[in-house]
Chemist: 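Here it is, the structure in full.
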Amino acid sequence: MDRRAFLRAAGLTGAAALLTPETVFAAGAADWTLGFRDVEADIAEAGLTRLRGKAPADLAGALVRNGPARFRRPGGSVGHWFDGDGLVRRFSIQDGEATLAARFVDTPKRRADTAAGAVITPGFGTAPGPGAAVGGPDDANAANTSVMMAGGELWALWEPGSPCVLDPVTLETKGFKTLRPDLKAMPFLAHPRREPNGRTWNLGLAGHRAIVWRLAADGSLEDAQLIALPRASYIHDFTATERHLVIVLQPWVQERGGVPYIAGMAWKPELGTQVLVLDKADLTQRRVFDLPPFFFFHLGDAWEDKDGTIRFDACIDDDPRGTAAAGEQLLRGVPFKGVAPPKLGFVTLHADGKADLQRFETVAEFPRSDERFAGLGRRFSVHAAVGEVGKPAFHGLAVRDWKTGRETAFDFGRRHLVEEMVFVPRPGSSEEFDGWLVGTSLNLDAQATELHAFDARRVADGPLVTWRANTALPLGFHGIFTA
Amino acid sequence: MRLLPLLACAALLTVPAAGLCQTAVPDAGLATSATSAGDASLAVAFPDLKSHEGVLMVALFDSQAAWAGGKPVQVTFVPATAPEPVAKLQGLAAGTYAVRVFQDLDGDQRLSMNPFGLPVEPFGFSGGAKANMGPPAFAAAAFTVTPGDNAQAITLR
């Protein structure tokens, strides 16, 4: 096979210039490698090309997403997908037109790695390089996982460090957020839970201990309390009902500290999975439920029946062998061996202390719902869907109706890598899921990122509108839709 | 994989322990008197202070053993409110030393920590040495004091 044929076979024609030779020629480099490419510089705002359909007249605002976008440097690269520099991408929609702007979060980590010409800063799966100087977690903060609005500030979120404040218009980095002087550098997860009234709960983890953050709707700190956890689980996300915080403690536990983080983790399925439920009004009031062992990153919004039964959906794996433990090989285009994509699950915590986990065959990741119903009884979830064994990407999306058990899906096909979809309410609507799903995919044939809007209740019909950017952004994690 | 000896500043890695912080605290009970005979002096400046509040607490050490948990040779303090504060240490013997400093913003004479054991007040080391999952080694922060006047500058972070 000549070089061109090889590249074509690997789906890399045209992208070769964007990829290092090592990546291109890695044995069996998969066609999804474009999803893990490096972005060299900030992207100035530019219009997207409308490919088909028409934007709903009253769909206006911006999808703001975050995700790692710089992994490789001449002197050494990250050891895990999660350790790339955060690139905040803003897809603005107005008057039927869309634009894209993207800017790297200007973190001490990015500065140190840039100056060294190598990734020297340690992280989730990256060992420290020569000259690393981590005086606190924010020296290693990649600010690459999600975003939230806090008052007039846009925060780029990571997991083990502080939020990083950005200007919501220019995406310029302002610096790390200290919510109270004595809580400087305390961790703030990338998955805050916002109540419909705007009050926001979040956790920060340190082994067997956690801080529970409570923020007012304007982003100011209302309260912060320390709690003890029954075990030092990896916690990427938690969930909440109107009255309770629900913390799922999977059996991937920290046995020792140090870097990289995953080197100190152990999978102990014999421990099962525990669920810690705390009363929001009195965090000392706690209950613990037991479930079979499973691994997860993301949970859906929880709700509570009148009798106290707590219910929520989850995207679960059998174990952490995939993205969590082997995030480095994604950057080399090497498929996971025998690892199935995450699938939908549903957890019920009964009032009598029993708990059960239903597992479904549907491939599911990045669950979202109508945030106007966060913590309240609800019917619908949306998640990325359609996947294959060994592949860290999704080809479609699906909406699940938890009342009927029906699922409606749209499959973009194997040449699209579909990212998280965010629900956007139709102005003036109050009914659940009356609105749109806005999200992105990476089109491997066009070598470009696309922006789509669906009618949330008619997903199977396909996108109402699709725009295409003139660039291919690497796959991101999470976002918000903001006015 | 290189495992680092002191994991103090590793909330990143969720293992806060002591380390950086305790050892960076000068014993507040020590008087600012010379304990070593000599006629050398040292002036420590603090360029690029982020805030001119509180007091700069300075500790001078003369060995790795002292640096790693023993007693400083001298401690002193200087208000951070001056435009260009300078801490002066006198009566030093010529030799090799290293300095730690923190900015006491809340007036408790200690380097304050967050609940997970990480410093919340600015701190710094001589020689441009940086914390890396714990305090730098004495050697990294060491400098030579010669008879007469000596000067060092420490950037707090």
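Numbers restart at 1 for each chain; the letters A, B, ... are given by sequence-line order, proteins then strands.
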Chemist: In residues 172-184 of chain A, which residues are in contact with chain B at a heavy-atom separation under 4.5 Å?
Modeler: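 Counting heavy atoms that sit under 4.5 Å from chain B, the residues of residues 172-184 of chain A involved are A:Pro181, A:Asp182, A:Leu183, A:Lys184.
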Chemist: In terms of heavy-atom proximity below 4.5 Å to chain B, should A:Ala210 be classed as side chain, backbone, both, or neither?
Modeler: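 Just its backbone gets close to chain B.
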Chemist: Starting from the C-alpha separation in whole Å, work towards a yes-or-no answer on salt bridge (charged side-chain N to carboxylate O under 4.0 Å, His left out) for A:Asp139 and B:Arg157.
Modeler: CA-CA 11 Å; A:Asp139 285 341; B:Arg157 51 137 294 138; 2.7 Å; yes
Chemist: Looking at chain B, which one of A:Gly161, A:Ala232, A:Ala133 has the largest number of heavy-atom pairs inside 4.5 Å, strictly under?
Modeler: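 The option with the most such pairs is A:Ala133.
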Chemist: Taking all non-hydrogen atoms of both residues, which atom of B:Phe116 and which atom of A:Ile211 are closest, and how far apart?
Modeler: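 For B:Phe116 and A:Ile211, the tightest heavy-atom pair comes out as CZ-N, 3.9 Å.
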Chemist: Holding to side chain to side chain donor-acceptor pair (under 3.5 Å), I want the full list of residues that pass it with A:Asn144, two or more places apart in sequence or in another chain.
Modeler: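 Expected list: none.
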